[in-house]
Protein chains: 2
Amino acid sequence: MYVTSPVSIFKNTAVVSANVGVGGATHTQPVHFPASHPLFFEGDDAEFVYEIIEGVVRTSKILFDGRRQILSFGYPGDVVGLSHDRFYHCDCEAVSDAKLRVHHKNAFSTNFERDPSFCNELLKYAASEVNSMQEHFIMLGRKSAMEKVASFLAALMGRVGENKDRRICFDIPMPRSDIADFLGLSHETVSRTLTRLRLDGVIDLPSKHRICVRQPATLKALAEKE
Amino acid sequence: MYVTSPVSIFKNTAVVSANVGVGGATHTQPVHFPASHPLFFEGDDAEFVYEIIEGVVRTSKILFDGRRQILSFGYPGDVVGLSHDRFYHCDCEAVSDAKLRVHHKNAFSTNFERDPSFCNELLKYAASEVNSMQEHFIMLGRKSAMEKVASFLAALMGRVGENKDRRICFDIPMPRSDIADFLGLSHETVSRTLTRLRLDGVIDLPSKHRICVRQPATLKALAEKE
DNA sequence: CGAAGTATTGACTACCTTCAAAAATTGTGG
DNA sequence: CCACAATTTTTGAAGGTAGTCAATACTTCG
């Protein structure tokens, strides 16, 4: 009935992200961005659109007193940096080392005129983007810490998880504080919740940046009910 | 630098809302919906798009156990019910008595093909919609109860406030529980926070559904810092 | 006027945050 | 390659903000 893909919370971007081919854009060489390197800042001239080839980026907004809300994690196939006006509306940095294809914004807008169906396609992605953001509203507004963390892990599991002897494993390239700022929690609470999941036998933590899910069904259940 | 309008949090809709003219649609008579009357439910066939002429509607999502997150309040000029697929992705009800113009979805999609600039226009609105939703992320994830309520009142003030002998007054058609579910709070906390604002002399509450702001500057300051 | 729904207020509780310190990991320069 | 510094993560203890439960007041509506 409800057709949101489990990975949707990772697709949000600067303004609109679209997991679509960038038809007609010049094929530039992917550019390497080292971990923590900024792509752009809020208020900058929105000159470029970034297509993520490899690695992970984060988009965020900062409040005057330093409080931060991470809006999205961008994974390969996602696009960040689209804007409805001249400016970027959030900060964006590489989480891990990343390879990005950099397109000039005009490569997009001229496409709209040449190819109306491309605009239509983008519009659909924008709509599903809005839809996935609405899911995140419930997460931020109405879920407990355990539900938030479990939802986050379950989504990552669905998107980048790989089967390894009965467990579903994946990397978590971002630090705990990023997860915290994405879920509206403190990094201590994220850490404590992960520990509890580990002690309960739901997950293993072979290293700080790697998670193996022993009980996927339990994790999914926790994502909706604690 | 940041070009979000202060009213933006009220524009979010079922999937995409657009405060734009519905060019080319047949001009049907506005239909009256009494207070609390549902427009559509999540999962329903997304047959119609609703243009709000008068009154207020709310869009929401319900969790399995009854927890609710209100996604948006729709005011005159807003459009609700657009979907990227065949189905609605949230519930929608009239908050107060409302007059709505009901368009068949085809009136929109055929427009895309006839008029590419209409699609482009819609895309821009979708992008600014995403932008305003991102503001709401910070609200839900990182703001205190006082900041949330103050932000909400400040936004309403900017959108529908009217000057009355040195105060800015406006109606609040929705019950406290709606405000609570929009801000991710309990209705008791909303009530307590309004009382505190009243005792502090920032607002008057001439009736349950009416607010007069005595100190607009203070209110705006509280919206960002408590 | 009485009933039902909504709003306010109070008391208590709990979840999460904050502050603090220790442990683990990562990075750097010799 | 190791030692040391810096950062990140974990864990602990204490406290606060907001939630829950409950009772009362207020509105609205039949």
Side-chain angles (χ1 to χ4, degrees), chain A residues 34-37 58 63 65-69 93 95-97 139-150 152 171-200 203-211 222 225-226, chain B residues 34-36 58 63 65-69 93 95-97 139-152 171-200 203-211 222 225-226:
Chain A
S36 299
H37 194 86
R58 62 173 167 253
L63 236 46
D65 61 356
R67 280 177 289 178
R68 182 180 67 154
Q69 178 67 44
E93 295 128 35
V95 170
S96 56
D97 284 15
M139 177 108 103
L140 289 171
R142 286 292 172 221
K143 286 191 176 180
S144 69
M146 176 58 82
E147 289 174 318
K148 287 177 177 180
V149 172
F152 179 73
D171 287 328
I172 308 188
M174 66 289 289
R176 303 289 189 262
S177 56
D178 279 8
I179 303 174
D181 287 343
F182 183 63
L183 299 175
L185 297 170
S186 69
H187 67 98
E188 294 97 327
T189 296
V190 171
S191 181
R192 274 186 253 270
T193 307
L194 287 173
T195 299
R196 192 175 141 200
L197 285 170
R198 179 172 58 76
L199 296 176
D200 289 350
I203 60 172
D204 285 333
L205 296 167
S207 86
K208 306 209 175 209
H209 290 292
R210 182 131 186 110
I211 284 202
L222 287 170
K225 180 188 166 71
E226 152 75 327
Chain B
S36 300
R58 62 172 168 252
L63 236 45
D65 60 357
R67 280 177 289 178
R68 182 179 67 154
Q69 178 68 45
E93 295 128 36
V95 170
S96 56
D97 283 16
M139 177 107 104
L140 289 171
R142 286 291 171 222
K143 286 192 177 180
S144 70
M146 176 58 82
E147 289 174 319
K148 286 177 177 180
V149 172
S151 299
F152 179 73
D171 286 327
I172 308 188
M174 65 290 286
R176 303 289 189 262
S177 56
D178 279 8
I179 302 173
D181 287 343
F182 182 63
L183 299 175
L185 297 170
S186 69
H187 68 97
E188 293 97 327
T189 296
V190 171
S191 182
R192 274 186 253 270
T193 307
L194 288 173
T195 299
R196 194 177 141 200
L197 284 170
R198 179 173 57 77
L199 295 176
D200 290 350
I203 61 172
D204 285 333
L205 296 166
S207 86
K208 307 208 175 209
H209 291 291
R210 183 130 185 111
I211 284 200
L222 286 169
K225 181 189 166 69
E226 154 71 330

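Note on naming: letters A, B, ... go to the chains in the order of the sequence lines (proteins, then strands), and numbering restarts at 1 for each one.
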Visitor: Run the salt bridge (Lys or Arg N to Asp or Glu O under 4.0 Å) test on B:D204 and B:R198 for me, step by step, so that the C-alpha distance in whole Å, both residues' side-chain angles and the decisive distance to 0.1 Å come before the verdict.
Guide: CA-CA 6 Å; B:D204 285 333; B:R198 179 173 57 77; over 6 Å; no
Visitor: Identify the residue among B:L183, B:L63, B:L140 that makes a side-chain contact (heavy atoms from CB on, under 4.5 Å) with B:Q69.
Guide: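 It is B:L140, the one option of B:L183, B:L63, B:L140 that forms the side-chain contact (heavy atoms from CB on, under 4.5 Å) with B:Q69.
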Visitor: Between D:dT17 atom C1' and B:E147 atom CD, what is the distance in whole Å?
Guide: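 Spelled out: CD on B:E147 to C1' on D:dT17 is 12 Å.
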Visitor: Using whole Å, what does the distance between atom P of nucleotide C:dT17 and atom CZ of A:R67 come to?
Guide: 13 Å
Visitor: Check whether any side-chain N or O of A:T195 sits under 4.0 Å from OP1 or OP2 of D:dT10, and answer yes or no.
Guide: no
Visitor: Of the listed nucleotides (C:dA7, D:dA18, D:dG19), which one gets closest to any side-chain atom of B:S191?
Guide: C:dA7
Visitor: Both A:K143 and A:S207 contact DNA chain C. Taking the nearest nucleotide for each, which residue is further toward the 5' end?
Guide: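 With A:K143 and A:S207 compared, the 5'-side residue is A:K143.
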Visitor: Using a heavy-atom cut-off of 4.0 Å across all strands, would you classify A:L194 as base, sugar-phosphate, or nothing?
Guide: nothing
Visitor: Within this structure, what is the CD-to-P distance between B:E188 and D:dA25, rounded to whole angstrom?
Guide: 18 Å
Visitor: Quick one: B:L205 CG to D:dC26 P, roughly how many Å, whole number?
Guide: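 So the CG-P distance, B:L205 to D:dC26, works out to 14 Å.
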Visitor: For B:F152, which of B:L185, B:V190, B:I179 qualifies under side-chain contact (heavy atoms from CB on, under 4.5 Å)?
Guide: B:I179
Visitor: Does any donor-acceptor pair link the side chain of A:R196 with the base of D:dT10 at a separation under 3.5 Å?
Guide: no
Visitor: Do any side-chain nitrogens or oxygens of B:T189 fall under 4.0 Å of OP1 or OP2 in D:dA18?
Guide: no
Visitor: Does the distance from a Lys or Arg side-chain N to an Asp or Glu carboxylate O, for A:R68 and A:D178, drop under 4.0 Å?
Guide: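 A salt bridge is present here (some side-chain N lies under 4.0 Å from a carboxylate O).
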Visitor: Verify the contact: side-chain N or O of B:R198 to OP1 or OP2 of C:dT9, cut-off strictly under 4.0 Å; return yes or no.
Guide: yes
Visitor: In whole angstroms, how far is the C1' atom of D:dT11 from the CG atom of A:L199?
Guide: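 Interatomic distance, CG of A:L199 to C1' of D:dT11: 12 Å.
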Visitor: Rounded to whole Å, how long is the line connecting atom CZ of A:R142 with atom P of D:dA18?
Guide: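 Taking atom P of D:dA18 as the reference, CZ of A:R142 is at 13 Å.
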Visitor: Could you check how far CZ of B:R192 sits from C1' of C:dT6, rounded to whole Å?
Guide: 15 Å
Visitor: Please pick, from D:dT10, C:dC16, C:dT25, the nucleotide with the shortest atom-to-atom distance to any side-chain atom of A:K208.
Guide: C:dT25
Visitor: Atom NE2 of B:H187 to atom C1' of C:dT9: distance rounded to whole Å?
Guide: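 Interatomic distance, NE2 of B:H187 to C1' of C:dT9: 12 Å.
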Visitor: It should be established whether A:R176 places a side-chain nitrogen or oxygen under 4.0 Å from OP1 or OP2 of nucleotide D:dT10.
Guide: yes
Visitor: Nearest 0.5 Å, what's the CE-CD distance between B:M139 and B:E147?
Guide: 10.0 Å
